[in-house]
Amino acid sequence: MGYVAVKGGTEAIEASINRLQYERLQGGKIIEVENILATMKALVDQVMSESSLYAPYLAALAIKQAGGSMEEAVFLMRAHRSTLPRLYYSETVETEAMFTKRRISASFKDIPGGQLLGATTDYTHRLLDFNLLDEDSDENEKWLLDYKDQLSKIEQGRQPEFFPKVVDYLREEGLFKTYEKDEKVPFDITKQSIQFPAPRSAKLQTLTRGQTGAVTALGYASLRGYGQVHPTVGEVRVGNVPIYVGHPYEDMDIEENHYYIGEMEVTEVESFVPVKVKNEENEDEMEFEIGYGVCYGQNETKAIAMSILDQCLEHPGSPFPTHDEEFVLLHIDSVEATGFISHLKLPHYVTFQSKLDSVRQVRNGGASQ
Amino acid sequence: MKTNHHFAFFDEGSKKEIRRAILKAVAIPGYQVPFSSREMPIARGWGTGGLQITLSIIGCEDVLKVIDQGSDESVNAVSIKKLVQTTTGVEVTDLTQEATIIQSRHRIPEVPLDSNQILVLQVPAPEPLRDVEAREYMTKILHSEEEYSGAWLQLFEQIMKFGRTTTGADHPVYVNHRYVMAPSPIPRFDNPKMHQSEALILLGAGREKKIYAVPPFTDVRSLAFDDYPFKVESFSGKQCRLCGTSDVFLDEVLAADTGEVSYQCNDTSYCMERLNQAEKAEVENNYA
């Protein structure tokens, strides 16, 4: 048989996969999953967050398999996630119970419990460190010993501290509304497709698993002018939160029937946004609302951007696209966006032929019907 | 930590959920049923809607055919076929009449399908009203009110501007006299094959999280006006340079060296089948 467009697919795919393998191996080095896990925490965190699967080891494996490509790694994790049965929902996570590693407020200098800078690149100078080119593991070990030694002196006799929320202080003052706790079972976007107008739980789930770049870009657009939200970061906290599941047959409301199944690291942001409201005498008054952001691991930019978008979506009346829930929520998912963009590489011969026919008919004066 | 995958990739809970969406879709012809749409091991936008349908309805006895733009050997068709076969072990075929499930991107095979077959179409954009209304919330209302002025106006505008409708593939259809539906980007040539089809047609949009269906023996009409009737792509006076057929959808082939244009069947397995039959007939004649 003569020419057939994209014929011989089977052989072509084999060869392409071999070539991919060759490119991964040709450098003659092997990176261990443990190495990725130990040295590339930010990357692992980001992959877990965008794939909405908290599994550091699998995320590191995905990064290895994907050759460091974010979108590929997230894609691998999401596909794996599809095969996992979902057995339990956890109890509500209370972030007051966070074992906090870092906690800052941009709103107040002195917050109850104090500011805790923790580990951050914020105040590093972004100069390439050429010393890392030949790192010495003996020296590293010595540094670690020294550091742990100092740490133990400081930590001696101290109990882990739990921090109150900054917003609680302002709530007491009446600057924030106190809402009834919403104990409705959250909408699960992985089991039902999102419908509009979307409940807030569905919005938050979609935002937290959004692509970091996309969430950041839209949050930035809103802040810069294409939106009406200009927040102050009330609190950013990073730390580990304990996860409990209720006993399936016993009374779930009794805490003793909850099982501790582990902890996970999250970044949580509460942004304070001033809004105009009417008081009882129908006069304009200012009060604050909270924009909420949370994501797996330490990814403060994403969490802050999410808090902006959360607040945007709570005010759908604004004409800006960042306030339009369909615009924001349907376009920030990594797997969806990269999938549809990349499908343009697939052949479109039939569809193009069909359009070609239309255009030719018009040119040939097809009006004479 | 090495694991083997479950039969047909999904856990049974996911399959059940997708089947429920399919049943609803069959019960309301042309209506887009939302479903949660799992992430698949192939990319969103690359046939994951069709794939999820195939994986949730397939059984050990099924025979699968996968085509992409008419070709069984196109890279993405091969890739999808490989995934289904690896996770199910079912038999695959190129022959349309042998298959019980045919997953296709943008074509309905030339060989007429029968009631023992299911056609699964991959859909990139399930919403026929998306060009006139960007918001999902609004299009859902328009469908529920059977408010299709936008779809009609689009065609009307084309006639006003160009003297005829200028739709390419994915020309909208009216299903069961109720829902306007995107037939997926099949060429207009294939639209009439949906009308009173003996085979069940299932359409899946993975990224857009919608499943819809044309049940067997359902009326499917392409949108058109009485004075500007629906027209399929014209291949008049042209025939396949390989098998000589003239009443099928043809690919335009450009010879790189001479620049000469010729045509051949887009449905490669149909063409191959005809060639083989011709050869067989020739051999039989020679021996007779």
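What's counted below: heavy atoms across the whole structure, side chains too, no hydrogens, waters or symmetry copies. No experiment lies behind these values; they were computed from the predicted model shown.
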K.L.:
For R81(A), is it the side chain, the backbone, both, or neither that has a heavy atom closer than 4.5 Å to a heavy atom of chain B?
P.N.:
neither
K.L.:
Below 4.5 Å from any heavy atom of chain B, which atoms of L356(A) appear? Answer side chain, backbone, both or neither.
P.N.:
side chain
K.L.:
Count the heavy atoms belonging to other residues, nucleotides or ligands that lie under 6.0 Å from NZ of K345(A), then report whether that count exceeds 12.
P.N.:
no
K.L.:
Determine whether I13(A) and S79(B) make a side-chain contact, defined as any pair of heavy atoms from C-beta on separated by less than 4.5 Å.
P.N.:
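Side-chain contact under 4.5 Å: yes.
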K.L.:
Are more than 12 heavy atoms, taken from residues, nucleotides or ligands other than I341(A), located less than 6.0 Å from that residue's CD1 atom?
P.N.:
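Not more than 12 within 6.0 Å, no.
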K.L.:
Between atom CD1 of I189(A) and atom NZ of K209(B), what is the distance when rounded to the nearest 0.5 Å?
P.N.:
7.5 Å
K.L.:
Counting only heavy atoms closer than 4.5 Å, note whether I159(B) contacts chain A via side chain, backbone, both or neither.
P.N.:
neither
K.L.:
Where on T190(A) is there a heavy atom nearer than 4.5 Å to chain B: the side chain, the backbone, both, or neither?
P.N.:
backbone
K.L.:
With only heavy atoms counted, which part of E71(A) is less than 4.5 Å from chain B, the side chain, the backbone, both or neither?
P.N.:
neither
K.L.:
At a heavy-atom distance under 4.5 Å, which candidate from R38(B), K210(B), E39(B), H106(B) has the highest pair count against chain A?
P.N.:
E39(B)
K.L.:
Quick one: does N266(B)'s side chain get under 4.5 Å of V350(A)'s, heavy atoms only?
P.N.:
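Yes, close enough: below the 4.5 Å cut-off.
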K.L.:
Tell me, side chain or backbone of D68(B) under 4.5 Å from chain A's heavy atoms, or both, or neither?
P.N.:
side chain
K.L.:
Is there a side-chain contact between F10(B) and T83(A) in this structure, where contact means two heavy atoms from C-beta onward sitting under 4.5 Å apart?
P.N.:
no
K.L.:
Would you sort out whether Y137(B) and E326(A) count as a side chain to side chain contact (heavy atoms under 4.5 Å, CB included), showing the intermediate values?
P.N.:
CA-CA 8 Å; Y137(B) 177 67; E326(A) 292 197 32; 3.4 Å; yes
K.L.:
Does the side chain of E233(B) come within less than 4.5 Å of K355(A)'s, by heavy atoms?
P.N.:
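No - every pair of side-chain heavy atoms lies 4.5 Å or more apart.
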K.L.:
Would you say the side chain of D357(A) lies within less than 4.5 Å of the side chain of R188(B), judging by non-hydrogen atoms?
P.N.:
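A side-chain contact under 4.5 Å exists here.
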K.L.:
Do you see a donor-acceptor pair shorter than 3.5 Å between the side chains of E252(B) and Q353(A)?
P.N.:
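Yes, Q353(A) and E252(B) have a side-chain donor paired with an acceptor closer than 3.5 Å.
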K.L.:
Are S36(B) and Q192(A) close enough that a side-chain donor and a side-chain acceptor fall under 3.5 Å?
P.N.:
no
K.L.:
Which atoms form the tightest heavy-atom contact between F340(A) and G45(B), and what is the distance?
P.N.:
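That would be CD1-CA, 4.0 Å.
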K.L.:
If you count heavy-atom pairs under 4.5 Å between each of A79(A), S354(A), S82(A) and chain B, which one has the most?
P.N.:
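Top option by heavy-atom pairs under 4.5 Å: S354(A).
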K.L.:
Within a reach of under 6.0 Å around CD of E34(A), are more than 12 heavy atoms found that belong to other residues, nucleotides or ligands?
P.N.:
yes
K.L.:
State the CZ-OG distance between R44(B) and S334(A), to the nearest 0.5 angstrom.
P.N.:
11.0 Å
K.L.:
Taking side chain as C-beta onward, heavy atoms only, is S37(B) less than 4.5 Å from S193(A)?
P.N.:
no
K.L.:
Identify which part of K82(B) has an atom lying under 4.5 Å from any heavy atom of chain A, answering side chain, backbone, both or neither.
P.N.:
side chain
K.L.:
Contact part of T167(B) toward chain A, heavy-atom cut-off under 4.5 Å: side chain, backbone, both or neither?
P.N.:
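Interface part for T167(B): backbone (N, CA, C, O).
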K.L.:
Is Q195(A) close to K140(B) at the side-chain level, that is, under 4.5 Å between some pair of heavy atoms?
P.N.:
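When only atoms from C-beta onward are counted, Q195(A) and K140(B) do touch, with a gap below 4.5 Å.
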K.L.:
As an exercise: rank S234(B), A255(B), P185(B) by heavy-atom pairs under 4.5 Å with chain A and give me the winner.
P.N.:
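Option with the greatest count: S234(B).
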K.L.:
Check whether F35(B) gets within reach of chain A through its side chain, its backbone, both or neither, counting any heavy atom under 4.5 Å.
P.N.:
backbone
K.L.:
Run R207(B) and V335(A) through side chain to side chain contact (heavy atoms under 4.5 Å, CB included) and show every step you take.
P.N.:
CA-CA 9 Å; R207(B) 191 180 40 78; V335(A) 175; over 6 Å; no
K.L.:
Quick one, V362(A) with R164(B), criterion side chain to side chain contact (heavy atoms under 4.5 Å, CB included). Give me CA distance, side-chain angles, the key distance, then yes/no.
P.N.:
CA-CA 7 Å; V362(A) 170; R164(B) 52 169 286 139; 3.9 Å; yes
K.L.:
What residue, out of G206(B), A43(B), A77(B), G47(B), has the most heavy-atom pairs lying under 4.5 Å from chain A?
P.N.:
A43(B)
K.L.:
Does CD belonging to E260(B) count more than 12 external heavy atoms closer than 6.0 Å?
P.N.:
no
K.L.:
Need one label for F249(B): side chain, backbone, both or neither, based on atoms under 4.5 Å from any heavy atom in chain A.
P.N.:
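Side chain only.
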K.L.:
I'd like to verify something: which residue of E12(B), E208(B), R135(B) has the highest number of heavy-atom pairs under 4.5 Å with chain A?
P.N.:
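Most pairs with chain A among the choices: R135(B).
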K.L.:
Given heavy-atom pairs under 4.5 angstrom as the criterion, report whether the side chain, backbone, both or neither of A134(B) touches chain A.
P.N.:
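Only the backbone of A134(B) comes within 4.5 Å of chain A.
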K.L.:
Quick one: of F352(A), F327(A), F196(A), F75(A), who has the most non-hydrogen atom pairs under 4.5 Å with chain B?
P.N.:
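Winner by heavy-atom pair count: F75(A).
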K.L.:
Crowded around Y226(A) OH? As in, over 12 foreign heavy atoms under 6.0 Å?
P.N.:
no
K.L.:
Quick check on F225(B): does its CZ atom have over 12 non-hydrogen neighbours (other residues, nucleotides or ligands) under 6.0 Å away?
P.N.:
yes
K.L.:
Report the C-alpha separation of Q122(B) and H343(A) in whole Å, then their side-chain angles, then the decisive distance to 0.1 Å, and conclude whether the side chain to side chain contact (heavy atoms under 4.5 Å, CB included) test is met.
P.N.:
CA-CA 12 Å; Q122(B) 301 168 198; H343(A) 110 284; over 6 Å; no
K.L.:
In terms of heavy-atom contacts, does CE of M138(B) have more than 12 from other residues, nucleotides or ligands at under 6.0 Å?
P.N.:
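For M138(B), atom CE is crowded (more than 12 foreign heavy atoms under 6.0 Å).
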K.L.:
Within the supplied structure, the quantity of interest is the number of heavy atoms (other residues, nucleotides, ligands) at a distance under 6.0 Å from D226(B) CG; does it exceed 12?
P.N.:
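Open: at most 12 neighbouring heavy atoms sit under 6.0 Å from CG of D226(B).
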K.L.:
Write down the atom of K191(A), the atom of E17(B), and the distance for their closest heavy-atom approach.
P.N.:
O-OE1, 3.5 Å
K.L.:
With chain B, which of E336(A), R86(A), E325(A) has the greatest number of heavy-atom pairs at distances under 4.5 Å?
P.N.:
E336(A)
K.L.:
Hey, what do you get for CG (L329(A)) to CD (E136(B)), rounding to the nearest 0.5 Å?
P.N.:
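Spacing of CG (L329(A)) from CD (E136(B)) equals 12.5 Å.
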K.L.:
With a 4.5 angstrom heavy-atom cut-off, is it the side chain or the backbone of I186(B) that approaches chain A, or both, or neither?
P.N.:
neither
